[in-house]
Q: 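Before I ask anything, let me first share the structure, which is written out below as structure tokens.
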Amino acid sequence: MGEAAADIVDLTLEDNAISTGSVVDEATAEAAGAAHKVNPQDPITESRGSSTASAVFHLLCSGMGIQALMLPVAFASLGWVWGIIILSVGFLWQLYTKWALVDLHESAPGTRCSRFLDLAIAAFGPGLGKLLALFPVMYLSGGTCVMLIINGGRAMDDLFKTMCGGDGTACSIKPLHGVEWFLLFTCIAIVIAQLPNLNVIAVVSLFGAIMAISYGALIWILSVTKGRPEGVSYKPLVEVKSNKARIGSVLNALGIIALSFRGHNLVLEIQGTLPSNPKCPSKGPMWRAVIISYSLIALCMYSLAIGGFWAYGSKIPNGGLYIAFPQFHGHDTPKLVMGLFYLLIVANCLSAFQIYAMPVFDNLELRYTSIKDRTCSRQARASLRVFFGCLTFFVAVALPFLGSLAPLIGGMTSTLTFVLPCFMWLAIKRPHRRSGMWWLNIGLGWLGMVLWGVIVAAAIWVLVDRGINANFFNP
């Protein structure tokens with residue numbers, strides 16, 4: 001089956017030359033030595049003077065998020081040994097696929113694929129490339145922004161209730177409704193989104209990364225120091241459930257771990273902001289940025305998973321540490337500390353919104369400049385970003401239960417993390433058949449397809465087992 005896949009990849013490469021409109025434009029610009037010059041057909045070149053430090057900030061902000069608070073739930077199902085093993089394997093796997101993307105960014109001299117969709121088209125051709133990559137890229141940008149509005153708005157609500165009480169009497173302020181919290185979050189996010197490009201929002205990403213690391217450290221340290229609830233057990237749930245429930249528990253745990261890794265759809269855009277020349281290609285500083293950022297991300301993820309599971313064991317609720325700490329220790333924790341936790345989450349969501357929305361902004365501006373044949377004016381840019389903010393706000397209000405569907409939709413897009421980079425590396429690099437790299441990418445690619453099926457099956461299992469509260473337009 002591996003040889004058949006390789007044949008398909010080779011034929012795809014031969015039938016489809018590595019050329020798309022935006023890639024050709026970038027190749028022309030690079031060949032002319034205009035790496036830092038604004039190309040009116042490609043807004044991303046506005047920020048092609050970034051640094052390794054900026055890339056580290058972007059990778060941290062996009063790679064760390066509230067989904068890491070769910071890792072103790074996976075450990076509760078798998079236990080210590082299998083939890084650590086599967087988390088480690090998944091981390092190394094996604095780190096390799098990030099390396100593949102970094103390596104493929106400049107797969108041909110003078111050519112830079114600064115968007116995931118461009119690289120997919122370069123590898124598989126316009127038809128198959130768009131079919132495989134368009135939905136995952138668009139969901140992981142727009143869909144993540146919707147989820148950030150939902151999570152950020154609810155964290156704002158929890159912050160208000162913690163500091164002012166449920167009815168606001170402690171602050172003499174009338175509490176807002178769910179829609180109003182979503183609107184407040186969106187308005188703040190749109191204001192920040194007026195910053196033009198990735199290079200400019202590096203400070204925002206740094207702020208978001210600090211917030212993510214801070215609330216992650218705060219919640220696991222407090223959970224450990226507060227002591228464990230009575231009757232905590234570390235026996236894996238898969239050993240105490242029926243065979244039917246055991247399968248669902250394992251699938252759900254695998255899905256939680258797999259979906260805790262994110263940011264692959266942004267790697268090429270981030271690398272596209274770095275300067276590059278034949279003597280010093282961008283993959284060197286970009287890979288250093290990946291190593292630095294993911295060393296910190298690994299430290300945070302393992303701390304949350306191990307510390308959270310130690311603190312709550314099998315008593316960890318399905319909502320993870322976000323629900324567990326207030327449930328078990330909220331009564332004996334100062335309001336200021338709980339308020340700080342929610343405030344850090346809000347700040348991180350606002351910052352992450354900027355980095356995840358940037359590919360959408362870039363695509364909208366690219367369409368505009370392609371039609372108008374001139375750079376996007378400040379008014380046009382502001383209008384496009386306000387439009388996107390209003391659209392994501394509408395979806396968040398219309399589908400406030402999207403978080404329940406996130407594992408299913410996220411599982412469907414997991415090919416972008418575990419599958420497509422491997423097959424794209426084969427299609428473009430074309431290693432010798434049966435060589436080490438050939439076997440590695442063929443094996444990981446097909447294993448990723450199996451993992452994709454497992455994640456989707458787990459998401460469906462959870463939906464059937466727990467049900468879904470489809471509260472349309474009722475946040």
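Hydrogens, waters and symmetry mates are skipped; everything else that's a heavy atom, side chains included, is used.
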Q: Report the relative orientation of the aromatic rings in Trp446 and Phe423; use parallel for angles under 30°, tilted for 30 to 60°, perpendicular for over 60°.
A: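 Trp446 and Phe423: perpendicular rings.
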Q: Could you tell me if the ring centre of Phe182 sits under 6.0 Å from that of Phe393?
A: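 Judged by ring-centre distance (under 6.0 Å), Phe182 and Phe393 do not meet the cut-off.
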Q: Carefully, step by step, assess Leu140 and Arg262 under the rule side-chain contact (heavy atoms from CB on, under 4.5 Å).
A: CA-CA 9 Å; Leu140 289 175; Arg262 64 180 195 172; over 6 Å; no
Q: Side chains of Cys390 and Phe387: does their closest heavy-atom pair fall under 4.5 Å?
A: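 Answer no - side chains too far apart.
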Q: Donor-acceptor pair, His105 side chain versus Ser282 backbone, under 3.5 Å?
A: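 Looks like no, no N/O pair under 3.5 Å.
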Q: Can you tell me if Thr144 and Tyr139 form a side-chain donor-acceptor pair at under 3.5 Å?
A: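 Judged by distance alone, the side chains do not pair up.
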Q: Flag the pair Leu69 / Tyr215 as yes when at least one side-chain heavy-atom distance between them is below 4.5 Å, and no otherwise.
A: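 In contact.
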Q: Is it true that Arg112 and Asp118 make a salt bridge, defined as a side-chain N closer than 4.0 Å to a carboxylate O?
A: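 No, this pair does not count.
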Q: Do Leu71 and Met301 touch side chain to side chain, with heavy atoms closer than 4.5 Å?
A: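 A side-chain contact exists here, since the closest heavy-atom pair is under 4.5 Å.
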Q: How about Phe401 and Phe472: are their ring centroids closer than 6.0 Å?
A: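 Yes, they do, as the ring centres are separated by less than 6.0 Å.
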Q: Any side-chain donor-acceptor pair under 3.5 Å between His264 and Lys98?
A: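 Yes, Lys98 and His264 have a side-chain donor paired with an acceptor closer than 3.5 Å.
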Q: Are the ring centres of Tyr96 and Trp99 closer than 6.0 Å?
A: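 Yes; Trp99 has its ring centre under 6.0 Å from that of Tyr96.
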Q: Quick check: Trp452 with Phe418 (ring centres under 6.0 Å apart)?
A: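 Between Phe418 and Trp452, the centre distance exceeds or equals 6.0 Å.
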Q: With a 4.5 Å cut-off on side-chain heavy atoms, are Ile297 and Cys300 touching?
A: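 No, side chains not in contact.
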Q: Does one side chain, of Trp461 or Asn252, offer a donor that lies under 3.5 Å from an acceptor on the other?
A: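 Judged by distance alone, the side chains do not pair up.
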Q: Tell me which one of Val386, Leu384, Thr392 satisfies side-chain contact (heavy atoms from CB on, under 4.5 Å) with Phe388.
A: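 Single pass found, and it is Thr392.
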Q: Will you find, in the side chains of Gln94 and Thr417, an N or O donor that is under 3.5 Å from an N or O acceptor?
A: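 Per modelled atom types, Gln94 and Thr417 side chains form no pair under 3.5 Å.
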Q: Salt bridge check: are Arg381 and Glu365 linked by an N-O gap of less than 4.0 Å?
A: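 A salt bridge is present here (some side-chain N lies under 4.0 Å from a carboxylate O).
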